[in-house]
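Structure record follows, encoded as structure tokens.
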Amino acid sequence: MGDDEEGALADRELADYLETERRAGGPAARELGAVEMRRRQRRRLAGRPAGPEVAEVRDLLVDGPAVTVPPIPARLYRPTLDPLPLVVYLHGGMWTIGGLDSHDRLCRRLALAARAAVLAVDYRLAPEHPWPAGPDDAAAAFRWAAEHSRELSGAAGPPAVAGDSSGGHLAALTCLRMRAEDAPLPAAQILAFPNTDLTLSRPSTRDKATGWGLTTDAVAWGVTNFVADAARRADPGVSPLFAADFSGLPPAVVVTAEHDPLRDEGDEYAARLAAAGVRVRHRREPGMIHGFLTMDRLAPSAATAGDRFFADAAAILHG
């Protein structure tokens, strides 16, 4: 399959993966629940190859405001001990699964390819910790990283924020919150297939609802875990796409996937930024599915798409 053929998957390996998933079937995320979903993810991770070596990997605790945010586990990756830009990375997982280990390989690849120090943040998960716990942790981690950037990366100045899927959502919310508080903004926002509309009202949530890996029902389950009150989901503090004003936000990389329920909300977020005068590098990866950044060992096309995303990150970080 070629990515010049509309509707085709990017390569045979990706098509085989989806066919295997379809044949395997099994309970939906909402039937399994958060605890079982996390257990299954840990089991999958146990067989995943380790990521590439970097000069330093160090686990640490981010100090948050004690009243609202407890200490947050984090992991620092430095590809070299020379001064480099710092990126605060927020993992995906429908606000419900994922953590430092699920995105360890991705963060190592990002650090090496983008020539950046990467601080991965293990923010609190729903449903045990619903909104605003995750956004509070993301904002607290960004503020802490900005205050400690020299000791973390050897370079002073505000870090960038980055994330995939629900982590991209938290990164976008962090930018909006810093602007609202008139605080130093992230140097950039680097987003892969981000959630930006938790009302799930864009056409791709219907057009790509099933058959492409991530299902709209799984996203809806994650949204319910994160924000149980449906009336709140159009609040700009919950859904970045509903912000009235996009001006003055950090320059952005926004990469989406053709066969993804979240495609349209990511594309629209990039368009809204550009319309407001924000510098944006936006690309929709043809033939690609949600989550390709963690599929580099699965399909050559996913590895190549990931490399392009990391190159975009390097371009915006190093100017």
- Task: Would you mind listing every side chain to side chain donor-acceptor pair (under 3.5 Å) that reaches into residues 218-236, with sequence neighbours excluded?
- Result: Thr96-Asn225

Do side-chain atoms of [X] reach the backbone of [Y] as a donor and acceptor pair under 3.5 angstrom?
X: Thr205; Y: Leu200; value: yes
X: Arg284; Y: Asp267; value: no
X: Gln189; Y: Pro250; value: yes
X: Ser153; Y: Ala155; value: yes
X: His169; Y: Gly92; value: no
X: Asn195; Y: Ser166; value: yes
X: Thr216; Y: Pro261; value: no
X: Asp197; Y: Glu265; value: no
X: Gln41; Y: Gly98; value: yes
X: Thr196; Y: Pro240; value: no

- Task: Begin from the C-alpha positions of Arg308 and Asp312 and carry the test salt bridge (Lys or Arg N to Asp or Glu O under 4.0 Å) through to its verdict.
- Result: CA-CA 6 Å; Arg308 284 192 287 267; Asp312 287 337; over 6 Å; no

Approximate separation, where rounding is to 0.5 Å, of [X] [atom1] and [Y] [atom2]:
X: Arg44; Y: Arg42; atom1: CZ; atom2: CZ; value: 11.0 Å
X: Ser165; Y: Trp95; atom1: OG; atom2: CH2; value: 7.0 Å
X: Arg272; Y: Ser247; atom1: CZ; atom2: OG; value: 11.0 Å
X: Arg75; Y: Arg58; atom1: CZ; atom2: CZ; value: 12.5 Å
X: Ser301; Y: Glu13; atom1: OG; atom2: CD; value: 7.0 Å
X: Ile190; Y: Asp164; atom1: CD1; atom2: CG; value: 12.5 Å

- Would you sort out whether Asp207 and Arg202 count as a salt bridge (Lys or Arg N to Asp or Glu O under 4.0 Å), showing the intermediate values? CA-CA 9 Å; Asp207 300 340; Arg202 267 54 194 179; over 6 Å; no

Minimum heavy-atom separation for [X] and [Y], please, with both atom names.
X: Ala187; Y: Pro251; result: O-CG, 3.5 Å
X: Ala218; Y: Leu214; result: CB-CD1, 4.2 Å
X: Leu317; Y: Ala116; result: CD1-CB, 3.9 Å
X: His318; Y: Ala114; result: NE2-O, 2.9 Å
X: Gly213; Y: Leu18; result: N-CD2, 3.5 Å
X: Ala270; Y: Val254; result: CB-CB, 3.9 Å

Transitively linked via ILVMFWY side-chain contacts under 4.5 Å: [X] with [Y]?
X: Leu84; Y: Val161; answer: no
X: Leu119; Y: Leu61; answer: no
X: Leu152; Y: Leu100; answer: no

- Start with the C-alpha gap between Arg124 and Val69, add the side-chain angles, then the distance that decides, and say whether side-chain contact (heavy atoms from CB on, under 4.5 Å) holds. CA-CA 9 Å; Arg124 288 172 290 173; Val69 179; 4.1 Å; yes

- Between the side chains of Thr256 and Asp260, does any donor sit under 3.5 Å from an acceptor?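 Per modelled atom types, Thr256 and Asp260 side chains form no pair under 3.5 Å.
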
- Item | Donor-acceptor side-chain pairing of Thr215 and Asp217 below 3.5 angstrom |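 No, because no side-chain N or O of Thr215 sits under 3.5 Å from a partner of the opposite role on Asp217.
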
- Before giving the answer on side-chain contact (heavy atoms from CB on, under 4.5 Å), spell out for Met37 and Met94 the whole-Å C-alpha distance, their side-chain angles and the decisive distance to 0.1 Å. CA-CA 11 Å; Met37 286 286 289; Met94 299 178 291; 4.1 Å; yes

- Task: Tell me, yes or no, whether the heavy-atom count around Arg297 atom CZ, taken from other residues, nucleotides or ligands under 6.0 Å, exceeds 12.
- Result: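 No.
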
- Query: Above 12 or not: heavy atoms from other molecules or residues under 6.0 Å from CD of Glu151?
  - Reply: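 Yes, because the 6.0 Å sphere around CD of Glu151 holds more than 12 heavy atoms from other groups.
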
Heavy-atom side-chain proximity of [X] to [Y] below 4.5 angstrom:
X: Leu198; Y: Trp131; result: no
X: Asp104; Y: Tyr77; result: yes
X: His282; Y: Leu273; result: no
X: Arg143; Y: Arg177; result: yes
X: Val87; Y: Pro159; result: no
X: Thr80; Y: Arg115; result: no
X: His129; Y: Asp137; result: no
X: Leu45; Y: Ser102; result: yes

- Task: Quick one: do Leu293 and Phe193 satisfy side-chain contact (heavy atoms from CB on, under 4.5 Å)? Show the steps, please.
- Result: CA-CA 10 Å; Leu293 288 182; Phe193 33 85; 4.1 Å; yes

- Task: Would you please name every residue forming a salt bridge (charged side-chain N to carboxylate O under 4.0 Å, His left out) with Arg48, sequence neighbours left out?
- Result: none

Partner set under ring-ring contact (aromatic ring centres under 6.0 Å, His included) for [X], not counting sequence neighbours:
X: Phe246; result: Tyr269
X: Phe309; result: none
X: His148; result: Trp144
X: Tyr89; result: none

- Query: Asp307 and Arg109: salt bridge (Lys or Arg N to Asp or Glu O under 4.0 Å), yes or no, with the steps?
  - Reply: CA-CA 9 Å; Asp307 289 343; Arg109 293 176 66 214; 3.5 Å; yes

- Show your reasoning for whether side-chain contact (heavy atoms from CB on, under 4.5 Å) applies to Arg39 and Leu32. CA-CA 10 Å; Arg39 188 191 70 80; Leu32 293 171; over 6 Å; no

- Query: In terms of the angle between their ring planes, are His103 and His91 parallel, tilted or perpendicular, with boundaries placed at 30° and 60°?
  - Reply: tilted

